[in-house]
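Values below: all heavy atoms of this structure, side chains included; hydrogens, waters and symmetry mates excluded. When a ligand or atom number is given, it counts from 1 through the structure's own listing order. The model shown is predicted, which means the values in this text are computed figures rather than measured ones.
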Amino acid sequence: MSDNCLFCKIINGELPSTPVYTDEHVIVIWDINPKEPVHLLIIPREHIISLNEVEEKHDHLMAHIMLLLPKLAHEQGLDKGFRTVINTGSGGGQEVFHLHVHLLGGF
Ligand code: 5GP
Ligand code: ZN
């Protein structure tokens, strides 16, 4: 938990959200400004700033997210395929500094 982190506030319920999926490691929500018909955000419950801050101890979490992505895509009907994006740092287009994976598709 980090003060003034938008995604931490969503995770701890301070800000309302309607998750499409949750488990002990992540929550998954719709992006507020979808770039494609399906645009989900897979957000670890742990406050990790970005991919730059991922450590060996996060190996299980990162594998969990990778294995979850095709399942979520299938649930959303993205049978032709999907796109995943992780923006890292201001130079990588990251706007919310709590690690998240974008899952996009449906065009
Ligand atoms: P980034 O550029 O950091 O990779 O992506 C941040 C994403 O979070 C953007 O696609 C943006 O639309 C989304 N976003 C920003 N604020 C909110 C919010 O309050 N709720 C949700 N669901 N998504 C948000
Ligand atoms: Zn956070």
Under a 4.0 angstrom heavy-atom cut-off, which atoms of ligand 1 come close to [X]?
{"X": "H102", "value": "1 (P), 4 (O), 5 (O), 7 (C), 10 (O)"}
{"X": "W30", "value": "21 (C), 22 (N)"}
{"X": "N87", "value": "1 (P), 2 (O), 4 (O)"}
{"X": "N33", "value": "12 (O)"}

Tell me if a side-chain donor or acceptor on [X] pairs with a main-chain N or O of [Y] at a distance below 3.5 Å.
{"X": "H58", "Y": "E55", "answer": "yes"}
{"X": "R83", "Y": "H102", "answer": "no"}
{"X": "H100", "Y": "H98", "answer": "yes"}

Q: First locate atom CD1 of I11, then atom CD1 of I27, and finally report the distance between them rounded to the nearest 0.5 Å.
A: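 So the gap between those two atoms works out to 5.0 Å.
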(Q) Minimum distance, heavy atoms only, to atom 10 (O) of ligand 1: which one of I10, V96, L99, D31 is it? (A)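 Result: the heavy atom closest to atom 10 (O) of ligand 1 is in D31.
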Q | Candidate with minimal heavy-atom separation from atom 23 (N) of ligand 1, of I43, L40, I32 | A |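 Considering heavy atoms of I43, L40, I32, the nearest to atom 23 (N) of ligand 1 sits in I32.
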Q) Given atoms ND1 of H47 and SG of C8, what angle do they subtend at the Zn ion (ligand 2), to the nearest 10 degrees? A)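 Taking the Zn ion (ligand 2) as the apex, I get 110° for this pair.
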Using heavy atoms and a threshold below 4.0 Å, how should the contact between [X] and ligand 1 be classified: side chain, backbone, both, or neither?
{"X": "I29", "answer": "side chain"}
{"X": "V85", "answer": "neither"}
{"X": "L15", "answer": "neither"}

Q) Going by heavy atoms, is L41 under 4.0 Å from ligand 1? A)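 It does; at least one heavy atom falls under 4.0 Å.
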**Q.** Partner of H25 under side-chain contact (heavy atoms from CB on, under 4.5 Å), chosen from M62, H64, E46
**A.**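 When M62, H64, E46 are each tested with H25, the side-chain contact (heavy atoms from CB on, under 4.5 Å) holds only for H64.
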